[in-house]
Visitor: 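Sharing a structure here in structure tokens format.
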Amino acid sequence: MAYQSSSTIQLIMKTFQDQQHPEKSATPIRRWETVIGLEVHAQLNTASKLFSGAATIYGREPNAQACIIDLALPGVLPVLNSAAVALAVKFGLCVNADIAHKSVFARKNYFYPDLPKGYQISQYELPIISNGYLDIEFEDGNSKRVNIVRAHLEEDAGKLMHENFHGMSGVDFNRAGIPLLEIVSAPDMRSSQEASLYLKTLHSLVRYLDVCDGNMQEGSFRCDINVSIRRQGESKLGTRTETKNLNSFRFVERAIECEVKRQIEILEAGGRVVQETMLYDADSNSTRPMRSKEEALDYRYFPDPDLLPLVIDDEYIQNIRQTLPELPWQKCRRFQEECGLNKYDANILSSTKEMAEYFEAMLQTTSASPKLAANWIISELLGALNKEGVGIIQSPISPQQLAKLLDRIHDQTISGKIAKEIFSEMFDAEGAGDVESNVEKPKDVDAIIERKGLKQISGGAELAAVIDNILAANPNQIAQYKEGKTQIFGFFVGKVMQATKGKANPKVVNEMLQERLK
Amino acid sequence: MSSLDLQAIEKIAKLSQLSFTKEGLANYQHDLNEMLEMIEAIKNVDTQNIEPLTSPHSMSLRTRHDVVTEIVDEAQQGALQKLAPEIESKLFLVTKVIDDHN
Amino acid sequence: MLHNKTIAQLIHGLRSKEFSSFELTKHYLQRIETFKNDLNSFITITEADALTQAKRFDNLLAKNSEKIPALAGIPIAYKDNFCTHGAKTTCSSKMLESFVAPYDATVVARLKKAGCIMLGKTNMDEFAMGSSGENSYFGPAKNPWNLSKVPGGSSSGSASAVAARLTPIALGTDTGGSVRQPAAFCGISGLKPTYGLVSRFGIAAFASSFDQAGIFASSAEDIAYILPGMAGFDEKDSTSVSTVIPDYTKTLNRSLKGLKVGISRDFWSEKCSEEILKLIEEAIKELQKLGAVMVDISIPTANLALPVYYVIAPAECSSNLARYDGVRYGYRCSEPKNLADLYIRSRSEGFGAEVKRRIMIGTYVLSAGYYDAYYLQAQKVRRLIKNDFSAAFNKVDVILSPTSPTVAFSLHEKELDPVSMYFSDIYTVPVNLAGLAGISVPIGFSKGLPIGMQLVGNYFSEALLLNVAHQYQKVTEWHTKVPAQFN
């Protein structure tokens, strides 16, 4: 989880940078156009499985949550989980899709040790969600619409363990039956960056909606990529390959790039791309054809006779619509309009649910401006977190603590410079984030200010003595200043700060100096 | 009238994960073709604008609440694993899978 | 004698302490043991458990406890495709030869709760595919009326056991006639309830959109006592229908005056043997005497039922039986060379010939390029058949026909010609296609072999079917006949 969030932030920043220099990441051979479609498997956030009452907890001991239904014992039958339906509809509404009033579960028949029934229950001809879209927005403000052809409910398979059990493989069916939403995009993307941006936007959306926890490490959000290339200007699609089960944004980008390169090399050499399933090998950063399970797969889809058509009425849809939270792009717009943030900042702060929650929690308690809060999150907090390689939900400084720090800047108790010192101390301090329960209050701003005597000096009398001493000791500089060399003003400010160890209120110092140097 | 040749029978057997001796294959070819001949009668029925019927009742699907009802405790897991041809480290063992499906 | 008593008499006898549950159970277990080799109707006998339970009921009965369930002490046998916790469930297949389910099928659990005592598991055609009982890994069950004849199938052992009075009640499953046809062959009563009335959970599936558990008993009245104990909504089965289960015994004695009985002589006459048609006409006369009115009807698509059935049922079967792969339970071939070998040999060695035939044809009709012409077309014709029945039930209350076009045939007679055996179900299959209720009751004999009449009712018309059958049985004695050797 921690790794997840931080890598998300890094990748988002990287994408913004890439977008600013598109020529650097463009396909080297310009006569080919890349066409990419993505199929994302998002694990739905449910307590129990799609068709059985077994739990869906990740990381349990093998087969400890594979019940008789998941193991496909004789006579067992599926009963659909209502929460999975609700989550699918929720997602569909947020991508402006059609919600099918009638959708049908079908059996996809094939043999594999991780597939207990010898078929997967999926949706084929009548999926629950169709004809939606997702707008992805580049840093330069341009946006692109990626169509979502369909999204359907299906059950996950078990997991094969390839460790060698005296020449055997092992199967863990804990994952078998876990609900997935397979989200299929149109082949609308034209570069690995576009694909990656779509994926990140989608990832952010499903996490905002609590449809999926988005944990790619645990396989909760996986992606198959369909890649083909065609000559620039050509309207007919080229032969595509499918690369399966990529579980990081970086792998998706790299796999696309490898596959594009491979296809270009084939076509440039006069060859033909074969429609096949590829495997991305992260170690060698290359794609190669998978040893196929069966040469021509014939899944023999047919409506599952154990399940009747799923009927959803308008009232149901309306009820779900009422529960929808604010979406990332809505938040981004609000951050700009209401908080006066620029687009770059608003984008970062709305990029993940946790980030937005952090920002909004700060706004609730601080009297400092949203702009200041945004600056501190983006430049100080994220910088420090990235250095540590952790995500914002594992931030050692809570939004309330950071808010208090900004309040002290705002009420002129401390200067911005001192605030950065305090921030570092808070960030590094061991101890609970809970201010009240900690006797030493290592993360309490006021306690630190108190302990270290960092309180800003704004009092006229105290400062007047310091300033007068400095002026008295530097008559030459006063002369230069009065001759019109006004840039020397900074010299006096510096001297005052030095003398007060940075605690002097710069605003007051400025005023008093100006008064005296008149 | 469609009739299945041996090649077609072999293909179906493969999809079904079944295999037959040469003689067995010929017998199946005979039987399956006889079945197909019997089935042939449906081909001439006018079914234009007829909705296929997948289940006798025209009900819609009932759903269940998202509640964990199937607890696989140690006893249950033991009972289930006792059914398996081969188990190790709580995993169901199969002949080595040389494939990169997962 | 204990084994000639009706369920009502057994319930009364137990409560009035005329005999104990232990005595009753022991009596049937002894009969099962005595005739085991003649009939081969049981695969597993659960003697110890049965006697333990019987003693428990005797204790309850001694205390005249309020908590005595309705069917306390009634012996029952289950076809071996009903999962029974702790007792083997083989489906008469090498594939599940030693499979012991760690759960009960919903109907088994319900009947256990209702007080029924399981005597054992009965022989059947492998995975319920067959019409003779010969497709069993454990050898065929025999027809008690003539041991060289088949008892019918696929619920062969259940029919054979009830006919020989080795159990008063046995359950079977009926996918295309597998309760009614063996009931007819064995001279007993057999009910196939409306699709969705009885839970399918825990019954090894053959064809999911047809399968329905049914009851064998010597009379319709006995069936009426058992049905409420097993029927009704089950949240574990998505095709289970939520409907009120009436007390079927309460309506058994309604008059048949004015009952409209549909008959379709055109449809029967072609394939049906003369002797059967003759007895059907006699049964019609009996019903007329009871006040029923015969109405000519036509189910124009009825002759398409068999072809439709042999597309859809195998299609569903090919998928339902894909789970038997030797990975998680069941038969695994010895020393598989690789994964493909493990799958192919486990399945090829574990399944018998008829199962493989149906898997093959089912795979074919679903495969790319053939789906529309076979599977989809069959589903459309299936709707036409359902529509025809709906139209007919606008005119009549029940539909009468022979149960099967022939009497029980000889063992091995049709073994080499599987397709000709399929015609044995020609009158029963349409009922499953439409999901209707049907019952077979004995109406006489031809050369010592029983003949059955099928009554088909609209959805959830079990009360009416049992009422009609019971009224017929009140004025006839065919259902009381027991093969001499087994009386």
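Just so you know, these numbers use all the heavy atoms, side chains as well, and skip hydrogens, waters and symmetry mates.
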Visitor: At a heavy-atom separation under 4.5 Å, does Phe51(A) approach chain B through its side chain, its backbone, both, or neither?
Guide: backbone
Visitor: Under a 4.5 Å heavy-atom cutoff, which of Met59(B), Lys11(B), Gln81(B) has the most pairs with chain A?
Guide: Met59(B)
Visitor: Quick one: which of Pro303(A), Gly167(A), Ala64(A) has the most heavy-atom pairs under 4.5 Å with chain B, could you say?
Guide: Ala64(A)
Visitor: Return the option, out of Val72(B), Leu93(B), Asp66(B), with the maximum number of heavy-atom pairs under 4.5 Å with chain A.
Guide: Asp66(B)
Visitor: Answer yes or no: is there an ion pair linking Arg222(A) with Glu182(A), defined by an N-O contact shorter than 4.0 Å?
Guide: no
Visitor: Tell me which of these, Gly118(A), Cys67(A), Ser82(A), Ala83(A), has more heavy-atom pairs under 4.5 Å with chain B than the rest.
Guide: Ser82(A)
Visitor: Examine distances only and state if a side-chain atom of Ser169(A) and a backbone atom of Val94(B) form a donor-acceptor pair shorter than 3.5 Å.
Guide: no
Visitor: Tell me, out of Val68(B), Thr54(B), Val67(B), Thr69(B), who's got the most heavy-atom pairs with chain A below 4.5 Å.
Guide: Val68(B)
Visitor: Please determine if Asp172(A) and Lys159(A) form a salt bridge, counting it only when a charged side-chain N lies under 4.0 Å from a carboxylate O.
Guide: no
Visitor: Tell me, side chain or backbone of Leu307(A) under 4.5 Å from chain B's heavy atoms, or both, or neither?
Guide: both
Visitor: Could you tell me whether Asp306(A) and Arg107(A) make a salt bridge, using a distance below 4.0 angstrom between a side-chain N and a carboxylate O?
Guide: yes
Visitor: Could you look at Leu83(B) and say if it's the side chain, the backbone, both or neither that has a heavy atom under 4.5 Å from chain A?
Guide: side chain
Visitor: Specify which of Val104(A), Asp304(A), Val79(A) makes the most heavy-atom pairs with chain B at under 4.5 Å.
Guide: Val79(A)
Visitor: Determine, for Glu61(A) against Lys90(B), whether the closest basic-nitrogen to carboxylate-oxygen distance falls under 4.0 angstrom.
Guide: yes
Visitor: Would you mind checking which part of Pro113(A) comes under 4.5 Å of any heavy atom in chain B, side chain (CB onward), backbone (N, CA, C, O), both or neither?
Guide: side chain
Visitor: Between Ser89(B) and chain A, with a heavy-atom cut-off of 4.5 Å, which part of the residue counts as in contact: side chain, backbone, both or neither?
Guide: both
Visitor: Identify which part of Ile312(A) has an atom lying under 4.5 Å from any heavy atom of chain B, answering side chain, backbone, both or neither.
Guide: neither
Visitor: Could you grab the distance from atom CG of Asp313(A) to atom CD of Gln318(A), nearest 0.5 Å is fine?
Guide: 11.0 Å
Visitor: Go through the steps to decide whether Leu279(A) and Lys244(A) satisfy the test side-chain contact (heavy atoms from CB on, under 4.5 Å), and finish with yes or no.
Guide: CA-CA 6 Å; Leu279(A) 183 80; Lys244(A) 280 197 173 286; over 6 Å; no
Visitor: Measure Glu74(B) against the heavy atoms of chain A and call it side chain, backbone, both or neither at under 4.5 Å.
Guide: neither
Visitor: Which atoms of Ala66(A) come close to chain B, meaning under 4.5 Å heavy atom to heavy atom: side chain ones, backbone ones, both, or neither?
Guide: backbone
Visitor: Give a yes or no on this: more than 12 heavy atoms of other residues, nucleotides or ligands lie within 6.0 Å of atom CZ of Phe20(B).
Guide: yes
Visitor: Assess Lys108(A) against Tyr119(A): is NZ or CZ under 6.0 Å from the centre of the six-membered ring, and within 45 degrees of the ring's axis?
Guide: no
